Amino acid sequence: MIAYLVVREGNKWRDVHRLTPGQVMSIGRAPANRVVLRDEIASRHHCEIFQSGLLWTLRDLDSRNGTLVNGKPVIGDMGLESGQVIQIGDTLLAFTYDLQETLPKLEEKERNTGGLDGDTHSGVKKSPLDTPKPVPVPEIIERKRSTRFEEGGANLELNRDRTSQELAKLYKLAMEMGTANDPKRLAEIVLNGLFESTPSDIGAILLLPPDVSSPVDPSKLTLLVYKSRNQQPYEKLSEHLSRTVLQTHEAVRAKCVSDDPALRERDSLGRIQAQTVICAPLRVDEKLYGLVHLYSTNPINPLGPDDVEFALAVADQCGVALDGLRRQESLAAGLARMQDDLHTLREQLGIESELLGNSPPMEEINRKIGRIAPTDATVLVRGESGVGKELVARAIHFSSRRRNGPFVCLNCAALSESLLESELFGHEKGSFTGAVARKAGKFEQAHGGTLMLDEVGEMSLAIQAKFLRVLEGHPYERVGGGSPVEVDVRVVAATNRDLESAVSAGEFRKDLYFRLHVVEIVVPPLREHRDDVPVLANHFLERFARKSGRVVRGFSATALELLTKYNWPGNVRELQHVVERAVILCGGELVGVQDIQLSSLGGPQFDSIPDPAQQRSFRELTLDVLEQEYIMATLEQTNWNKSQAAQILGIERSTLDRKLKRYQAERPKK
């Protein structure tokens with residue numbers, strides 16, 4: 001007599017297991033059981049059900065917490081009757097001969113107290129309306145965690161010819177998998193190989209999302225590829241089988257229940273007349289990527305034990321290949337992000353390296369750069385401090401064929417002789433105190449690109465000799481090393497020093513001077529191209545306003561005239577800092593004269609700036625009245641921002657408050 005065991009999950013009777021005569025139905029927490037319980041109260045091998053004569057019998061396997069049938073403990077063997085409920089911890093299993101029979105609905109309090117009476121059936125509700133119907137599942141007849149291809153030894157000796165053939169198929173399939181460049185193509189190759197080597201009629205590969213976490217929910221599986229010999233539609237595999245494989249990481253072979261009229265219409269496998277099914281995990285170590293489903297609808301040629309082993313071996317190969325593809329996709333995505341970031345940075349560097357200005361001297365520099373950049377000639381950039389020699393070097397680099405290589409800068413005046421040698425040429429581990437590891441020098445870092453050496457005239461004579469050999473194309477050695485290092489670097493040297501005088505004084509090598517002096521670009525001081533001051537000032541104002549989030553639109557006419565007339569002893573660098581300070585101090589939308597703080601090093605150019613106070617007619621005023629008028633005018637200009645006004649006036653805020661109190665001055669009401 002065929003009977004059924006229905007497992008209750010939550011408030012529903014869900015999974016159905018068919019009890020087949022001659023087979024023992026084992027129940028417990030261990031994965032090897034036919035019915036696996038997710039209940040900590042249950043023992044690993046808790047109990048079993050088997051047929052004894054015409055009666056199905058339940059036997060408790062000396063479980064730790066015992067087994068109840070309708071509330072009564074099982075001692076020894078107990079015969080089961082249809083409709084009885086087996087309780088193992090918090091898990092309930094109903095025994096029945098007829099799935100159309102209404103299963104009991106238990107109140108929560110009765111379930112927790114074990115209030116199932118064998119005689120009175122207390123707590124048993126026979127209302128079919130409020131009792132969910134069970135969801136049947138196919139019967140698992142085999143589990144497999146590893147294959148004989150992995151186990152080796154005597155298992156391979158059982159049938160060497162068959163194993164050799166299967167290994168040949170696996171090798172061929174693995175080679176084909178290696179040609180796949182995306183998961184879908186990989187899945188197609190795997191299904192084609194499985195169809196050639198197994199009696200499968202229908203197959204599918206389903207994937208889990210990359211960020212899935214345990215416990216794995218079968219509902220998160222998505223269909224990647226589906227294949228059918230007879231163009232049959234895809235039917236989703238029993239959720240019970242998928243959950244079993246996802247939890248145990250084992251391949252299973254299950255026998256379909258389509259021969260049972262009570263289940264044929266209730267299970268997806270029954271609808272496609274599948275006789276056997278294999279479900280194998282796509283796994284790498286403990287990580288799951290998805291599942292392989294194989295169905296056989298031919299009752300004469302079902303999926304057998306050898307097919308489980310082959311399918312699991314192929315699934316493992318597929319898992320490794322899929323892992324590699326995902327790693328490759330991740331690396332490609334990371335590389336694409338890095339390339340985008342690099343492109344953005346290069347654009348930003350390109351913006352920073354733009355030489356602004358349309359005066360004749362700047363146009364001449366741009367023409368020179370256009371002619372020099374395409375070559376690999378060494379360039380000597382000369383000019384006062386702050387004129388923008390590094391910007392010229394950047395412009396040469398980004399206009400050359402080396403634009404995609406590194407651009408490395410080093411200030412030779414900022415380091416001692418020993419440190420400069422280490423920075424330029426690198427050092428080996430242990431070459432001096434503090435050298436805890438090998439370090440690549442600036443020449444190595446700039447390989448394939450441009451090395452800009454600022455203040456090259458400050459090099460010591462010893463380093464100049466080694467530097468000259470590298471410029472001549474000779475290999476060099478790291479500090480403390482013995483292996484030659486060869487690099488491909490273009491050198492742009494910059495200096496504000498009179499190298500000719502240094503050569504005459506014996507402070508700079510003559511041969512190095514001629515080696516650097518291949519092409520020379522002289523950057524004029526800002527006072528020699530004042531027409532570019534408004535362009536540069538507005539460029540810096542826009543940048544600093546955007547950076548600080550201030551709403552500053554430009555300069556007043558008087559402020560711009562002040563900037564143009566100033567001598568700029570610090571050149572473009574000084575202009576940049578003055579504009580940044582003015583943007584910070586500005587209280588309105590236009591930078592005024594009061595917002596600009598210039599150095600007294602600027603010379604007599606202040607005298608040529610028209611002072612509105614001097615243009616007014618003379619008035620007889622005391623110093624107190626003049627001070628009061630000037631303070632009030634400054635407050636009006638700063639919109640009565642006392643802190644800003646005090647800074648312009650060069651006094652403390654508290655001093656300004658005292659003067660206003662003495663003047664009895666208040667902010668006018670609007």
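All values derive from a computational prediction rather than experimental measurement.
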Exercise for the section: Report yes if the side chains of Leu224 and Pro183 come closer than 4.5 Å at any heavy-atom pair, otherwise no. Expected result: yes
Problem - Spatial distance of atom NZ (Lys227) from atom CG (Leu191) [nearest 0.5 Å] - result: 7.5 Å
Handout entry: Pro305 versus Arg253, closest heavy-atom pair with distance
Key = CG-NH2, 3.6 Å
Handout entry: Validation row: Val69, Val85 side chains within 4.5 angstrom (heavy atoms)
Key = no
Exercise for the section: Please tell me if the side chains of Val190 and Ile205 come closer than 4.5 Å, counting only heavy atoms from C-beta onward. Expected result: yes
Exercise for the section: Measure from the side-chain N and O atoms of Ser26 to the backbone N and O of Arg34, and report whether any donor-acceptor pair falls under 3.5 Å. Expected result: yes
Practice task
Verify, without hydrogens or angle tests, whether Asp60 (side chain) and Ser63 (backbone) share a donor-acceptor contact under 3.5 angstrom.
Solution key: yes
Handout entry: CD (Glu329) with more than 12 external heavy atoms under 6.0 Å
Key = yes
Practice task
Kindly write out the residues that satisfy side-chain contact (heavy atoms from CB on, under 4.5 Å) with Ala30, not counting sequence neighbours, or none if the list is empty.
Solution key: Asn33, Arg44, His45
Handout entry: Residue list, side-chain contact (heavy atoms from CB on, under 4.5 Å) with Ser52, at least two apart or on another chain
Key = Phe50, Thr57
Problem - Sidechain-backbone polar pair: His447 side chain, Glu444 backbone, donor-acceptor under 3.5 Å - result: no
Handout entry: Value rounded to 0.5 Å, distance of CZ in Arg229 from CZ in Phe195
Key = 5.5 Å
Problem - Glu428 bridged to Lys439 by N-O distance under 4.0 Å - result: no
Problem - Ile88 vs Cys47 side-chain heavy atoms within contact, under 4.5 Å - result: yes
Problem - Salt bridge flag under 4.0 Å for residues Arg8 and Asp90 - result: no
Problem - Chi angles and distances behind the side chain to side chain contact (heavy atoms under 4.5 Å, CB included) call for Leu93, Val6 - result: CA-CA 5 Å; Leu93 305 94; Val6 187; over 6 Å; no
Practice task
Kindly say whether His249 contributes a backbone atom to a donor-acceptor pair with the side chain of Arg283 at under 3.5 angstrom?
Solution key: yes
Exercise for the section: Decide yes or no for Leu186 and Leu325: does some side-chain heavy atom of the first lie under 4.5 Å from some side-chain heavy atom of the second? Expected result: yes
Exercise for the section: Decide side chain to side chain contact (heavy atoms under 4.5 Å, CB included) for Ile86 and Leu80; before the verdict, give the C-alpha distance in whole Å, the side-chain angles of both, and the deciding distance to 0.1 Å. Expected result: CA-CA 9 Å; Ile86 304 167; Leu80 295 174; 4.2 Å; yes
Practice task
For Phe425, check ring pair (Phe, Tyr, Trp, His ring centres under 6.0 Å) against everything at least two apart and list the hits.
Solution key: Phe443, Tyr476
Exercise for the section: Please report the closest heavy-atom contact between Ile189 and Thr179, naming both atoms and the distance. Expected result: CD1-OG1, 4.0 Å
Problem - Polar side-chain atom of Ser242 near backbone of Pro218 as donor-acceptor pair, under 3.5 Å - result: no
Problem - Over-ring placement of Lys169 relative to Tyr171, 6.0 Å and 45° cut-offs - result: no
Practice task
Could you tell me whether a side-chain N or O of Thr276 sits under 3.5 Å from a main-chain N or O of Leu303, the two making a donor and an acceptor?
Solution key: yes
Handout entry: Within 6.0 Å of CG in Leu331, more than 12 heavy atoms from elsewhere
Key = yes
Handout entry: For Leu291 against His293, the heavy-atom pair lying closest together
Key = CD1-NE2, 3.8 Å
Exercise for the section: Mind running side chain to side chain contact (heavy atoms under 4.5 Å, CB included) on Ile278 and Asp307 for me, showing each step along the way? Expected result: CA-CA 8 Å; Ile278 289 175; Asp307 299 320; 3.8 Å; yes
Handout entry: Spatial distance of atom OG (Ser82) from atom CZ (Phe95) [nearest 0.5 Å]
Key = 6.5 Å
Practice task
Hey, could you give me the OG1/CG distance between Thr198 and Asn301, rounded to the nearest 0.5 Å?
Solution key: 9.0 Å
Problem - Worked verdict on Leu5 versus Ile27 for side chain to side chain contact (heavy atoms under 4.5 Å, CB included) - result: CA-CA 11 Å; Leu5 199 61; Ile27 305 171; 3.8 Å; yes
Practice task
Could you tell me which non-hydrogen atom of Arg326 sits nearest to which non-hydrogen atom of Tyr289, and how far apart they are?
Solution key: NH1-CD2, 3.2 Å
Practice task
Report, as yes or no, whether the 6.0 Å neighbourhood of atom CG on Asp182 holds more than 12 heavy atoms from other residues, nucleotides or ligands.
Solution key: yes
Handout entry: CD/Glu486: more than 12 non-hydrogen atoms of other groups inside 6.0 Å
Key = no
Exercise for the section: Would you check if Val485 and Arg478 make a side-chain contact, meaning some heavy-atom pair closer than 4.5 Å? Expected result: yes
Completion exercise
Value for CG (Asn65) from NE2 (His46), rounded to nearest 0.5 Å, stands at 7.0 Å
Exercise for the section: Measure from the side-chain N and O atoms of Arg402 to the backbone N and O of Gly449, and report whether any donor-acceptor pair falls under 3.5 Å. Expected result: yes
Exercise for the section: Indicate yes or no for a side-chain donor-acceptor contact from Asp39 to the backbone of Ile41 under 3.5 Å, with no hydrogens or angles considered. Expected result: yes
Practice task
Grab the two heavy atoms, one from Gly79 and one from Gln84, that are nearest each other, plus how far apart they are.
Solution key: O-OE1, 3.9 Å
Problem - Pair Lys287 + Asp323: basic N to acidic O under 4.0 Å - result: no
Practice task
Would you check if Leu246 and Leu221 make a side-chain contact, meaning some heavy-atom pair closer than 4.5 Å?
Solution key: yes
Exercise for the section: Can you measure from CG (Asp201) to OG (Ser296) and round to the nearest 0.5 angstrom? Expected result: 5.0 Å
Completion exercise
Closest non-hydrogen atoms of Ala174 and Gln317, given as atom of the first, atom of the second and distance, are CB-OE1, 4.0 Å
Practice task
Output yes when a side-chain donor or acceptor of Thr96 lies under 3.5 Å from a complementary backbone atom of Asp98, and no otherwise.
Solution key: yes
Problem - Side chains of Val314 and Leu173 in contact at under 4.5 Å (non-hydrogen atoms) - result: yes
